[in-house]
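Some notes on the structure that comes next.
Order of the sequence lines fixes the chain letters, A, B, ..., with proteins taken first and strands second; residue numbering starts at 1 for each chain.
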Amino acid sequence: TQLLEQSPQFLSIQEGENLTVYCNSSSVFSSLQWYRQEPGEGPVLLVTVVTGGEVKKLKRLTFQFGDARKDSSLHITAAQPGDTGLYLCAGGSQGNLIFGKGTKLSVKP
Amino acid sequence: DTAVSQTPKYLVTQMGNDKSIKCEQNLGHDTMYWYKQDSKKFLKIMFSYNNKELIINETVPNRFSPKSPDKAHLNLHINSLELGDSAVYFCASSQGTRSGNIQYFGAGTRLSVL
């Protein structure tokens, strides 16, 4: 069974701090996606990475796919209260998406 | 216009009842999904349909029966509801079945079985 482990599970920080969320697996994935989910809403895609070692930037968010395509990280620079939410990584395999259990981020003003 | 819409948003019902959740997408996608998110926020695929045909069925009890009357709709019927069915159910859609394709999610249906 393919599993994605996310860490940390919870993260509470002050506005302006930097943070990194990790997504790890023992399995290789054809692609890795990061979603953000706000309360009462469905997940919204932030980025898809498909190549080992790939780095993508989305404003203050930097996403990296591991060289072996088994892990990924999300780094947020100078976090803002608007970044608060549940961050989910999802690995693509055989037409299916396997989700991690999420990291609940709270950014306090 | 909402891209993926689910109804109802909230559903409270008694154990043993039968209920349905409807999903519609106006994105012109050919693939639709149902996910279950438990109280710990773990999101797990239940079913996937491509062009009205079932392509993924992840060991879901046969009390759950999806139905796709056309490519834009994927409804979920649940028979004999149990306490453990309480969760948030999300519908999603994508163009194509590749796992790297963008999936668009509805806002969810919060099911509470009493």
Side-chain angles (χ1 to χ4, degrees), chain A residues 1-11 21 23 25 27-52 54 56 58 63 65 69 72 84-106, chain B residues 2-10 21 23-25 27 29-51 53-60 74 87-110:
Chain A
T1 305
Q2 292 177 303
L3 288 173
L4 275 168
E5 300 287 343
Q6 278 189 246
S7 61
Q9 193 177 351
F10 299 97
L11 192 52
V21 176
C23 178
S25 177
S27 305
V28 175
F29 289 97
S30 57
S31 63
L32 203 296
Q33 296 181 327
W34 285 93
Y35 289 80
R36 185 170 78 194
Q37 184 180 8
E38 299 191 19
E41 299 294 330
V44 175
L45 182 70
L46 296 173
V47 78
T48 301
V49 285
V50 296
T51 306
E54 185 176 0
K56 280 193 174 177
L58 188 66
F63 305 86
F65 201 11
R69 290 187 287 133
S72 181
T84 293
L86 178 70
Y87 289 81
L88 297 160
C89 66
S93 176
Q94 299 175 334
N96 200 356
L97 267 186
I98 311 293
F99 279 85
K101 293 191 176 182
T103 294
K104 193 167 183 181
L105 172 65
S106 174
Chain B
T2 304
V4 180
S5 57
Q6 299 178 225
T7 54
K9 188 161 177 68
Y10 300 97
I21 307 173
C23 179
E24 176 182 3
Q25 54 94 4
L27 297 167
H29 290 164
D30 60 5
T31 305
M32 295 185 72
Y33 311 82
W34 276 109
Y35 287 87
K36 180 180 180 180
Q37 188 171 47
D38 63 23
S39 57
K40 295 186 177 179
K41 305 297 184 187
F42 184 42
L43 195 63
K44 191 171 181 187
I45 182 79
M46 298 173 69
F47 300 102
S48 171
Y49 269 71
N50 174 253
N51 286 318
E53 297 220 354
L54 179 68
I55 56 172
I56 292 174
N57 180 343
E58 287 289 316
T59 60
V60 178
L74 181 62
V88 182
Y89 291 84
F90 286 98
C91 176
S93 73
S94 68
Q95 182 56 34
T97 57
R98 283 180 58 238
S99 49
N101 293 345
I102 300 173
Q103 292 192 17
Y104 294 84
F105 285 78
T109 295
R110 182 175 292 275

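B/Ile45 touches chain A through its side chain: at least one heavy atom from C-beta onward sits under 4.5 Å away, while N, CA, C and O do not. Only the backbone of B/Thr97 comes within contact range of chain A, with heavy atoms under 4.5 Å apart. Heavy atoms closer than 4.5 Å to chain A are found in the side chain of B/Ile56, but not in its backbone. Both the backbone and the side chain of A/Glu41 come within contact range of chain B, each with at least one heavy atom under 4.5 Å from a heavy atom of that chain. With a 4.5 angstrom heavy-atom cutoff, B/Lys41 touches chain A via backbone and side-chain atoms both. Only the side chain of A/Tyr35 has a heavy atom closer than 4.5 Å to any heavy atom of chain B. Proximity to chain A (any heavy atom under 4.5 Å) is shown, for B/Lys44, by neither the backbone nor the side chain.
Under a 3.5 Å cut-off, the side chain of B/Trp34 and the backbone N or O of B/Leu74 do form a donor-acceptor pair.
Among A/Gly42, A/Gly100, A/Gly92, the residue making the largest number of heavy-atom pairs under 4.5 Å with chain B is A/Gly42. If you tally non-hydrogen atom pairs under 4.5 Å between each of A/Gly91, A/Gly102, A/Pro43 and chain B, the highest count goes to A/Pro43. Most heavy-atom pairs under 4.5 Å with chain A: of the set B/Phe42, B/Tyr35, B/Tyr104, this distinction falls to B/Phe42.
Of the residues listed (B/Thr31, B/Asp30, B/Asn101), the one engaging B/Gln95 in a side-chain hydrogen bond (donor to acceptor under 3.5 Å, both in side chains) is B/Asp30, and it is the only one.
Within 6.0 Å of NZ in B/Lys36 there are more than 12 heavy atoms belonging to other residues, nucleotides or ligands.
Taking each heavy atom of A/Thr48 and A/Glu54 in turn, the nearest pair found is O-OE2, 4.5 Å. Here the closest heavy-atom approach between residue A/Leu97 and residue A/Ala90 is recorded as CD2-CB, 3.9 Å.
Between B/Phe105 and B/Phe90, the angle of the ring planes goes over 60°, which puts this pair in the perpendicular group of the 30/60° scheme.
One side chain, A/Gln37 or B/Gln37, offers a donor N or O that lies under 3.5 Å from an acceptor on the other.
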